[in-house]
Amino acid sequence: MAPHWPSILRSLALWVAALLLALGVERALALPEICTQCPGSVQNLSKVALYCKQTSELMLHARCCLNQKGTILGLDLQNCSLKDPGPNFPQAHTAVIIDLQANPLKDDLANTFRGFTQLQTLVLPQDVTCPGGINAWNNITSYIDNQICQGQKNLCSSTGDPEMCPENGSCAPDGPGLLQCVCADGFHGYKCARQRRKAKTS
């Protein structure tokens, strides 16, 4: 029986189109530098890999777990000989989970995580304190080789100090153990005391 060429060619054309589309998506997704700062890829049993595999829309690339828009949701820099996370680290401010264990990190990481308001799980070397300490996390668990900080607290709702921000400002989280005062619309400057002049309408 002779092969049915039109259907074979159609199948082949669809396969080639799918392959080109996949390659195009791969090329279009510019990988943030932080994802390739450390050689290798995320290990299959790492917390970042397990988090990434829970949702079909997420994908692992180099050391990152990304959504389809290329936003970093997970970062695994374990065992990268890092003394500090480096200048590209703020690229991962959208991450929900970060693993930095097995690195010779300096202990004071407080300002390293400024702006990391989405972070819910942080894995650190055993001798490094969770940024913000016990006041910044719902749960801190120490193990033989690492420490896990889980459930970032919203300091604005837990401080209970209404005088913390000026009258024309409101409190906003700014990462673990950090907060900022954001001026209300129309106000700016020191203690949000300056009011912007409205443009005159003729």
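Quick caveat: nothing in here was measured; it's all calculated off a predicted structure.
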Task: 4.5 Å side-chain heavy-atom contact, Asn111 and Leu178 - done: yes
Task: Of all pairs that satisfy ring-ring contact (aromatic ring centres under 6.0 Å, His included), the ones with a partner from residues 99-126, not counting sequence neighbours - done: Phe89-Phe113, Phe89-Phe116, Phe113-Phe116
Ignoring hydrogens and angles, write down the donor-acceptor pairs under 3.5 Å from the side chains of residues 31-38, residues two or more places apart or on other chains.
unit_1	atom_1	unit_2	atom_2	d
Glu33	OE1	Gln91	NE2	2.6
Thr36	OG1	Glu33	O	3.3
Gln37	NE2	Pro85	O	3.1

- [ ] Please confirm whether the backbone N or O of Cys80 pairs with a side-chain atom of Asn103, one donor and one acceptor, at under 3.5 Å?
- [x] yes
Task: Ile140 reachable from Leu109 in the ILVMFWY side-chain graph, under 4.5 Å edges - done: yes
Task: All side-chain contact (heavy atoms from CB on, under 4.5 Å) counterparts of Thr94, not counting sequence neighbours - done: Thr71, Ile72
Task: Fellow cluster residues of Tyr143, listed by chain then number, with links counted only when side-chain atoms sit under 4.5 Å apart - done: Val123, Ile148
Open item on the list: Main chain of Gln152, side chain of Gln120: is a donor-acceptor contact present, judged purely on distance under 3.5 Å?
Closed with: yes
- [ ] Start with the C-alpha gap between Asn138 and Lys153, add the side-chain angles, then the distance that decides, and say whether side chain to side chain contact (heavy atoms under 4.5 Å, CB included) holds.
- [x] CA-CA 6 Å; Asn138 291 323; Lys153 290 180 183 176; 3.3 Å; yes
- [ ] Kindly compute the distance separating NZ (Lys53) from CG (Leu45), expressed to the nearest 0.5 Å.
- [x] 7.0 Å
TODO: Using the side chain to side chain contact (heavy atoms under 4.5 Å, CB included) rule, take Asp145 and Gln126 through it: C-alpha gap first, then chi angles, then the decisive distance, then the call.
DONE: CA-CA 5 Å; Asp145 53 356; Gln126 209 280 329; 5.9 Å; no
- [ ] Heavy atoms only: give me the nearest Thr129-Gln147 pair and the separation to one decimal.
- [x] CA-NE2, 4.1 Å
Open item on the list: What verdict does the side chain to side chain contact (heavy atoms under 4.5 Å, CB included) test give for Asn67 and Glu57, after you've listed the backbone C-alpha separation in whole Å, the side-chain angles of each residue and the deciding distance to 0.1 Å?
Closed with: CA-CA 6 Å; Asn67 67 13; Glu57 288 83 39; over 6 Å; no
TODO: Determine whether Leu124 and Val42 fall in the same hydrophobic cluster, where Ile, Leu, Val, Met, Phe, Trp and Tyr are linked whenever their side-chain heavy atoms lie under 4.5 Å apart.
DONE: no
Open item on the list: Show every disulfide bond (SG atoms under 2.5 Å apart) that has at least one partner inside residues 109-142, sequence neighbours left out.
Closed with: Cys130-Cys149
- [ ] Indicate, with yes or no, if Val48 and Leu100 share a hydrophobic cluster defined by side-chain heavy-atom contacts under 4.5 Å among Ile, Leu, Val, Met, Phe, Trp and Tyr.
- [x] no
Open item on the list: Pair Leu82, Leu105 - check side chain to side chain contact (heavy atoms under 4.5 Å, CB included), show working.
Closed with: CA-CA 6 Å; Leu82 299 174; Leu105 292 172; 4.2 Å; yes
Open item on the list: Quick check: do Tyr51 and Ser46 have side-chain heavy atoms less than 4.5 Å from each other?
Closed with: no
Open item on the list: Taking less than 2.5 Å as the test, are the sulfur gamma atoms of Cys181 and Cys165 close enough?
Closed with: yes
Open item on the list: Hydrophobic clusters here meaning ILVMFWY residues chained together by side-chain heavy-atom distances under 4.5 Å, can you tell me if Leu119 and Leu66 are in one?
Closed with: yes
TODO: Of all the heavy-atom pairs spanning Pro176 and Pro131, show the shortest one and how long it is.
DONE: CB-O, 3.6 Å
- [ ] Would you please name every residue forming a salt bridge (Lys or Arg N to Asp or Glu O under 4.0 Å) with Arg114, sequence neighbours left out?
- [x] Asp174
TODO: Taking the side chain as every heavy atom from C-beta outward, state whether Pro173 and Leu179 have any pair of such atoms under 4.5 Å apart.
DONE: no
- [ ] Of all the heavy-atom pairs spanning Arg63 and Gln78, show the shortest one and how long it is.
- [x] NH1-O, 3.2 Å
Open item on the list: If hydrophobic clusters are built by linking Ile, Leu, Val, Met, Phe, Trp and Tyr wherever their side-chain heavy atoms come under 4.5 Å apart, do Met59 and Leu73 end up in the same one?
Closed with: no
